[in-house]
Every structure is written in structure tokens, then in C-alpha cells.
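Residue numbers count from 1 along this sequence. Just so it is clear, the values below take in all heavy atoms, side chains as well, and ignore hydrogens, waters and symmetry mates.
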Amino acid sequence: MSPEFDYDLVIIGAGVGGHGAALHAVECGLKTAIIEAADMGGTCVNRGCIPSKALLAASGRVREFNDAAHLQSMGIQIGGVSFDRAGIADHAQNLVSKIREDMSKSLKRLGVDLIQGWGKIAASQKVSVTVSGEEKTLSARDILLAPGSVPFVPPGIEIDGKTVFTSDDAIKLESLPPWVAIIGSGYIGLEFADVYTALGCEITMIEALDQLMPTFDPDIAKLAQRILINPRDLETRVGQLAKKVTPGSPVVVELADTKTKEVVEVLEVDACLVATGRIPATKDLGLDSVAVETDRRGFIPVDDYLAVLSGGEPVPNLWAIGDATGKMMLAHAASAQGVAVVETIAGRPRKVDYRSIPAAAFTHPEIGFVGLTEPQAKELAKAEGFEVATARTYFKGNSKALAEAETDGLAKVIYRKDTGELLGVHIIGLHASDLVQEAANAIGDRQSVNDLAFNVHTHPTLSEVLDEAFKRAASFV
């Protein structure tokens with residue numbers, strides 16, 4: 001450590017990205033401090049990934065035990081199923097507390113200084129921290145911004161946290177309203193629809209674009225509608241936006257045609273979840289002190305190495321990662337970015353390969369995906385002059401899926417027709433979130449389906465769904 005600085009690295013934000021960066025910084029011999037104004041773990045641990053997966057796990061059990069036909073197909077009979085809403089909510093919050101505590105202990109054990117307070121840039125290589133109204137300044141050779149994001153609430157929607165709320169409040173599961181409108185059909189909306197329908201709520205899902213699940217590969221979205229939406233107590237409104245939402249009893253939702261903006265329907269529901277994405281939490285970070293301006297959406301501009309930009313040029317010793325950069329709003333992407341920044345600081349410049357970062361929706365069944373969708377691949381092919389090909393396999397022919405009596409599902413492989421390079425993999429089915437990791441690693445290595453087809457997969461396992469897809473895609477001529 002240079003004697004002229006208090007720290008080698010000061011990180012503002014203790015979410016998964018900041019935490020991962022701090023751990024790697026210590027491994028690289030850097031004296032590190034991490035500043036957090038709220039709770040250790042950020043959105044992922046406290047209001048996102050972790051508690052939502054606990055809710056999905058518990059509600060998924062309820063759904064499974066209530067599916068008499070599925071159980072009877074395996075010779076199982078079960079009586080009436082009951083559940084305790086508060087108990088399910090406690091399961092989620094207990095998990096949050098444990099993981100949050102474990103994260104803090106891991107940092108303290110490694111000698112990272114944890115500072116509770118509001119951190120912001122004071123000047124080049126200086127951070128001010130406000131703790132209980134008192135401000136102090138720290139010097140750092142490098143500063144890493146990891147402030148995360150907050151839910152986006154569109155104009156016209158009034159939030160009261162009880163009858164109209166975002167995922168931050170929904171995660172508490174304080175009630176199970178009989179009829180819930182969910183605005184947005186991305187992974188947040190899908191996951192909460194899964195939880196609510198499993199626990200007996202009726203759902204109306206509202207999507208402003210002209211198709212459900214617009215960010216997913218079209219084939220996956222089509223199959224998801226058949227197995228995740230149509231059989232459940234879930235109706236949809238597509239091409240309609242929630243022009244105005246008024247809290248109360250009932251909640252009044254005014255739906256307008258997305259193109260004309262004319263009101264076409266008024267719903268009166270018991271509650272409304274606003275799942276319209278997230279925006280960067282980049283206010284009051286002191287960016288103006290180093291002449292940095294966010295873009296019109298509030299994202300911090302960065303280069304390929306995640307150095308913060310001012311006027312298109314890197315600001316010395318200032319970096320940003322995670323949701324605030326707008327690159328890929330996923331916890332594990334933030335963690336990868338944090339490690340990459342520390343590597344660059346340590347003299348081993350490293351970029352993040354975003355195409356190889358997988359994502360998942362933990363519905364029942366799950367959706368896992370990595371790389372390009374088919375439309376994205378065709379757009380790239382048009383620009384670079386190659387042809388795209390696809391191969392599909394189905395869970396209904398897989399021995400393990402048959403044994404589980406869980407045969408709904410599809411694996412889709414997208415690749416270059418000339419070289420066989422794997423461009424994208426999209427899976428909906430049992431344990432899709434785990435299965436997709438093999439594909440992510442293959443894309444990271446820019447492997448060809450012609451090589452992947454010779455990999456050996458354990459029999460009988462779900463991994464053979466991908467094995468078959470690679471073999472169908474490969475050219476053995």
C-alpha cells in the first residue's frame with residue numbers, strides 16, 4: 001500500500017458486486033474499505049435474488065403438493081395441503097439475515113474495513129463518508145462505485161407500499177391479495193406470478209409491448225405461455241400500459257392502448273405489483289466533483305475496462321460496476337465486473353465477456369438462458385456476413401424428466417452455420433438454471449457445437465437434453 005493513501009481501494013456499495021470486489025482485492029494484497037449506507041448484500045441479498053428464491057422454493061412445494069394428478073402418476077396420494085403465509089415470509093427473511101451476516105463476517109475475517117454510512121466522491125482519489133450526521137474524508141488510490149439500482153415506477157403510478165408496491169415490498173409477503181395485477185412480464189413479474197398463483201391468488205399480467213416476455217427468445221416465450229401462464233389462474237393484457245394506478249380498496253388500474261394512449265379498460269383489483277424494471281441508484285454520489293455526467297437514464301458511463309468516463313475519457317483511478325453501469329443488471333455480472341476491475345488495478349487488465357454470462361427465471365419450471373436470442377443472432381449475422389442455425393430438443397424424451405414426471409420443456413441451441421460457434425442457448429424446463437451453466441462456459445470459450453457434440457454426459461440426467469441438442473446441431477461431414 002502507498003503511504004500517501006488511507007486505502008488502496010475504497011468501494012462504495014456493499015451489494016454482491018462490491019462484496020466480490022472486496023474479497024478479490026484482499027486476495028490481491030490491497031488494503032480495502034467498503035462503505036454501505038443500508039444493509040450488507042444490497043438488493044440481491046435483502047430485496048431480490050435471495051428472498052425471492054426462498055419464496056419460490058416454498059410456494060413451489062405448495063404447487064407440487066397440490067398437483068394431485070402429477071403425484072398420482074407416480075403412485076403418490078396426499079391429503080389436503082395447507083401453508084402458513086407468515087411462516088413462508090419468515091423463511092425468506094431468516095435466509096436473508098443469515099446470508100447478510102455471513103457476508104459481513106467474511107469481510108471482517110479478511111481485514112476489510114466495513115464503514116456504515118453514505119459514501120460519495122469528494123474529489124479525485126477522495127471519498128467523503130457521512131456517519132450519524134458527521135462527515136469524514138478518506139483517501140484511496142482507487143475508488144470503485146457499486147451503488148446498485150432501485151425499482152422503476154412509471155409516471156402515473158402511485159406507490160403506497162401496501163396495495164400498490166414494487167418487488168421491494170412484495171418480497172415481505174405481508175399479505176396474499178385475492179386478485180393481483182402485475183405490471184410487466186419480465187423475470188420479476190414472472191417469478192412473483194409463480195409465487196402468487198401457487199398460493200391461491202388470481203393474477204392479471206399487464207405488458208405494454210405487443211408480446212409477453214419480450215426480452216426472452218421467442219420460442220421460449222411461446223412455450224412459457226403454454227406451461228407457465230395458460231394453465232394457471234392468470235390472465236394477460238398485451239399491448240396495454242398502466243396509464244394510472246391509484247392505491248386503495250380496491251386498487252384502480254387504468255389501462256391504455258400502448259400506441260394510442262387511449263384508456264381501453266379499467267380494472268379494480270385487490271393489489272398491484274409494479275415490476276417494470278430497475279433504474280440506477282446514482283444520485284448524490286459526488287460524480288460532479290470529478291466532472292462525470294450520467295446518461296439520460298442515470299447510468300454511469302464506463303469503458304470496456306469499467307473505468308468511469310468524463311467527456312469520453314477515463315477518469316484516473318475511478319471505476320464503476322453493477323446495475324449502475326447498465327451493462328447487465330444481474331448480481332453475478334456485478335461480481336464478475338468487480339473482479340475484473342481489481343485485476344485491472346493489479347496490473348492485469350481484464351474485460352468482462354457479457355455474452356457468456358447466464359441468467360435465469362426461477363419459475364416452475366425454470367428458464368435459463370445465455371448468449372444471443374435468435375433475433376439478436378440474426379442481426380449479428382446480417383452485420384458480419386454469416387448464417388445462423390438452430391437445434392431444439394425436448395424434455396419429453398429425456399429419461400430423467402420422465403422419471404420425475406416433469407416433461408414440459410425445451411432446449412434451443414443457436415449457432416453459426418459455418419463454424420458451428422455457439423452463440424446462444426435457451427432452456428425452459430426442470431432445473432434449467434443449472435443446466436445453462438454448461439452452455440455459458442462453452443460460449444465463454446467460443447466453442448463449436450461440432451466439439452461440444454463429443455462431450456460425455458451422465459446418463460440418465462437432464463444434462464442429456466443439451467447433449468442431444470449439440471449432437472443435432474453438429475456437422476459430422
Side-chain angles (χ1 to χ4, degrees), residues 43-64 83 85-86 88-93 95-96 149-154 157 159-208 212-216 221 224-225 227-238 242 245 247 251 253 267 269-278 329-331 359-367 428 433:
T43 294
C44 174
V45 171
N46 297 284
R47 299 171 297 281
C49 322
I50 300 305
S52 66
K53 299 312 152 303
L55 295 182
L56 283 158
S59 62
R61 296 290 195 281
V62 175
R63 185 186 299 282
E64 181 182 358
F83 63 87
R85 177 204 56 78
I88 292 176
D90 287 345
H91 166 57
Q93 290 309 308
L95 180 61
V96 166
S149 63
V150 295
F152 169 63
V153 179
I157 298 178
I159 299 290
D160 69 351
K162 296 294 182 183
T163 61
V164 181
F165 46 82
T166 67
S167 57
D168 283 3
D169 290 309
I171 218 73
K172 302 171 188 174
L173 203 68
E174 292 180 338
S175 66
L176 290 172
W179 184 7
V180 184
I182 296 180
I183 304 173
S185 63
Y187 71 91
I188 296 174
L190 287 172
E191 289 184 349
F192 275 103
D194 201 282
V195 170
Y196 282 133
T197 55
L199 300 181
C201 306
E202 297 179 24
I203 300 296
T204 297
M205 182 171 283
I206 301 160
E207 173 55 58
L212 287 175
M213 303 171 58
T215 61
F216 292 79
Q225 182 154 351
I227 62 181
L228 291 178
I229 294 173
N230 293 346
R232 299 178 179 177
D233 205 350
L234 198 164
E235 61 179 5
T236 61
R237 301 288 191 276
V238 176
V245 179
V251 175
V253 182
L267 299 178
V269 298
D270 299 297
C272 179
L273 167 61
V274 183
T276 47
R278 302 182 66 84
M329 299 177 84
L330 297 167
F362 293 86
T363 47
H364 296 86
E366 296 176 343
I367 302 172
I428 180 170
S433 66

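- For Pro365 against Ile227, the heavy-atom pair with the smallest separation is CG-CD1, 3.8 Å.
- Expressed to the nearest 0.5 Å, how far CD1 of Ile50 lies from SG of Cys44 amounts to 4.5 Å.
- Each of Val269, Val251, Val153 was evaluated against Val164; a single residue qualifies, Val251, per the side-chain contact (heavy atoms from CB on, under 4.5 Å) test.
- The OG atom of Ser52 sits 12.0 Å away from the CG atom of Leu173 when rounded to the nearest 0.5 Å.
- Considering all non-hydrogen atoms of both residues, Ala170 and Leu55 come closest at O-CD1, 4.4 Å.
- Scanning all heavy atoms of the two residues, the minimum distance from Ala92 to Ala54 falls at CA-CB, 3.6 Å.
- Between the CD1 atom of Ile206 and the CD1 atom of Ile183 there is a distance of 5.0 Å, given to the nearest 0.5 Å.
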Given Phe152 and Thr166, is the side-chain contact (heavy atoms from CB on, under 4.5 Å) satisfied, shown in steps? CA-CA 8 Å; Phe152 169 63; Thr166 67; over 6 Å; no
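- Among all heavy-atom pairs drawn from Met205 and Ala193, the shortest one is CE-CB, 3.8 Å.
- Atom OH of Tyr187 is separated from atom CG of Asp194 by 15.5 Å, given to the nearest 0.5 angstrom.
- Partners of Phe216 by ring-ring contact (aromatic ring centres under 6.0 Å, His included), not counting sequence neighbours, listed by chain and number: Phe369.
- Residue Arg232 qualifies as enclosed at atom CZ: its count of foreign heavy atoms under 6.0 Å is above 12.
- You'll find the side chain of Ile88 reaches within 4.5 Å of the side chain of Leu199, heavy atoms only.
- Residues Val274 and Phe165 form no side-chain contact, since every pair of their non-hydrogen atoms from C-beta on lies 4.5 Å or further apart.
- With respect to the salt-bridge test (charged N to carboxylate O, under 4.0 angstrom), the residues Lys162 and Asp169 do not qualify.
- Among all heavy-atom pairs drawn from Ala359 and Leu330, the shortest one is CB-CD1, 3.8 Å.
- Between atom SG of residue Cys272 and atom CG of residue Leu267 there is a gap of 9.0 Å, rounded to the nearest 0.5 Å.
- Looking only at distances, no side-chain donor or acceptor of Arg47 sits under 3.5 Å from a matching main-chain atom of Ser167.
- In this structure the side chain of Lys53 reaches within 4.5 angstrom of the side chain of Glu191, judged on heavy atoms.
- Ser175 and Arg85 share no donor-acceptor pair across their side chains, judged by distance under 3.5 Å alone.
- No donor-acceptor distance shorter than 3.5 angstrom exists from the side chain of Asp270 to the backbone of Val180, with no hydrogens or angles considered.
- In this structure, Ala275 and Ile182 approach most closely via the heavy-atom pair CB-CG2, 4.4 Å.
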Go through the steps to decide whether Thr43 and Arg278 satisfy the test side-chain contact (heavy atoms from CB on, under 4.5 Å), and finish with yes or no. CA-CA 11 Å; Thr43 294; Arg278 302 182 66 84; 3.1 Å; yes
Between Thr236 and Glu207, does the side-chain contact (heavy atoms from CB on, under 4.5 Å) criterion hold? Intermediate values first, please. CA-CA 8 Å; Thr236 61; Glu207 173 55 58; over 6 Å; no
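- Between the CG atom in Leu228 and the CD atom in Glu366 there is a gap of 10.5 Å [rounded to 0.5 Å].
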